[in-house]
A.B. asks: 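Just passing along the structure, written as structure tokens.
All residue numbers refer to positions in the sequence shown, counting from 1.
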Amino acid sequence: MADPTRPRIEDFFCHNSACADHGRRGQGNVYFRGFSGRNKSIRMVYCRTCRRSYSERKGTALERSQLPTDKAVSVLDHLREGCGIRATSRLTGVSRETVSRLLAQAGDQAKNLHDELVAFSPSDV
């Protein structure tokens with residue numbers, strides 16, 4: 001049975017900017033192609049249009065992260081609650097460099113999401 005907390009594969013889109021279906025969700029062009037990672041827990045997605053595959057983490061704050069998802073979420077939760085980098089490192093057992101890198105990646109993703117949402121917001125307010 002599928003994990004209800006994970007996005008469905010159909011909700012992903014092709015990240016290849018040269019692909020005709022780039023950025024378009026629900027087109028039927030992407031499908032599940034196996035697992036990746038130490039515990040084989042990261043899903044791989046394949047685009048039928050451009051024949052490229054990528055991780056489900058592509059384009060997220062966890063892209064290229066070797067941390068398990070629950071550990072990365074714990075780090076970000078501690079930072080969100082106001083813990084400093086050293087305290088977060090100590091509480092989660094993750095190095096300070098990893099905490100800093102994850103914070104920077106999450107910040108970049110938050111900025112990109114904000115810019116996208118503002119671009120599509122109604123302008124008559």
Side-chain angles (χ1 to χ4, degrees):
M1 182 174 213
D3 182 358
T5 61
R6 293 177 96 169
R8 299 174 320 146
I9 292 294
E10 298 81 27
D11 295 334
F12 287 91
F13 63 88
C14 183
H15 287 274
N16 179 9
S17 58
C19 179
D21 288 325
H22 169 70
R24 297 172 62 197
R25 298 179 195 273
Q27 300 300 309
N29 62 311
V30 295
Y31 68 92
F32 169 76
R33 185 139 188 199
F35 290 99
S36 170
R38 270 191 202 133
N39 300 327
K40 302 293 183 199
S41 61
I42 301 170
R43 297 178 297 179
M44 297 300 293
V45 180
Y46 180 80
C47 177
R48 290 180 176 103
T49 307
C50 66
R51 299 183 177 164
R52 293 254 176 115
S53 63
Y54 55 91
S55 161
E56 71 177 330
R57 289 182 166 188
K58 176 86 173 161
T60 71
L62 300 181
E63 183 177 359
R64 297 183 185 214
S65 174
Q66 293 183 4
L67 282 178
T69 302
D70 57 339
K71 176 82 73 163
V73 169
S74 177
V75 167
L76 293 172
D77 282 344
H78 280 84
L79 291 169
R80 186 190 67 207
E81 290 297 325
C83 289
I85 290 174
R86 283 189 203 165
T88 299
S89 171
R90 193 172 51 253
L91 292 167
T92 60
V94 175
S95 75
R96 287 181 297 181
E97 292 79 20
T98 301
V99 172
S100 296
R101 186 177 65 249
L102 192 57
L103 176 61
Q105 288 173 331
D108 290 343
Q109 290 299 320
K111 180 192 178 303
N112 292 340
L113 177 62
H114 173 268
D115 292 346
E116 183 178 329
L117 293 175
V118 168
F120 291 113
S121 65
S123 59
D124 60 338
V125 176

A.B. asks: Looking at every non-hydrogen atom in both residues, tell me the closest pair between Thr92 and His78 and how far apart they are.
C.D. replies: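 Reported closest heavy-atom pair: CG2-ND1, 3.7 Å.
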A.B. asks: Which atoms form the tightest heavy-atom contact between Thr88 and Val75, and what is the distance?
C.D. replies: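 Residues Thr88 and Val75, closest heavy atoms: CG2-O, 3.7 Å.
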A.B. asks: Is there a path of hydrophobic side-chain contacts, each under 4.5 Å between heavy atoms of I/L/V/M/F/W/Y residues, joining Phe12 to Phe32?
C.D. replies: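 Yes; Phe12 is reachable from Phe32 via cluster members.
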A.B. asks: For atom CZ of Arg43, decide whether the heavy atoms of other residues, nucleotides or ligands shown that lie under 6.0 angstrom number more than 12.
C.D. replies: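 More than 12 within 6.0 Å, yes.
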A.B. asks: Side chains of Cys14 and Asn29: closer than 4.5 Å at any heavy-atom pair?
C.D. replies: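 The answer is yes, as the side chains (C-beta and beyond) meet within the 4.5 Å cut-off.
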A.B. asks: For a quick test of reading the model, state the closest non-hydrogen atom pair linking Ala72 to Leu102 and the distance between them.
C.D. replies: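 Shortest heavy-atom contact: O-CD2, 3.7 Å.
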A.B. asks: Taking atom CZ of Arg96 as the centre, report whether more than 12 heavy atoms of other residues, nucleotides or ligands fall under 6.0 Å from it.
C.D. replies: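 At most 12 heavy atoms, drawn from other residues, nucleotides or ligands, come within 6.0 Å of this atom.
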A.B. asks: Looking only at non-hydrogen atoms, find the nearest pair between Ser53 and Tyr46 and report the distance.
C.D. replies: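 For Ser53 versus Tyr46, the nearest heavy atoms are CB-CD1, 4.0 Å.
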A.B. asks: Assess whether a salt bridge exists between Asp77 and Arg80, defined as any Lys/Arg side-chain N lying under 4.0 Å from an Asp/Glu carboxylate O.
C.D. replies: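 A salt bridge is present here (some side-chain N lies under 4.0 Å from a carboxylate O).
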A.B. asks: Report yes if the side chains of Val30 and Cys47 come closer than 4.5 Å at any heavy-atom pair, otherwise no.
C.D. replies: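 Val30 reaches Cys47 side chain to side chain.
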A.B. asks: I'd like to know if Ile42 and Tyr54 are part of one continuous hydrophobic network [Ile/Leu/Val/Met/Phe/Trp/Tyr, side-chain heavy atoms within less than 4.5 Å].
C.D. replies: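 No, Tyr54 and Ile42 fall in different hydrophobic clusters.
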A.B. asks: Considering all heavy atoms of both residues, which atom of Ser95 and which atom of Ser89 are nearest to each other, and what is their separation?
C.D. replies: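 Reported closest heavy-atom pair: C-OG, 3.7 Å.
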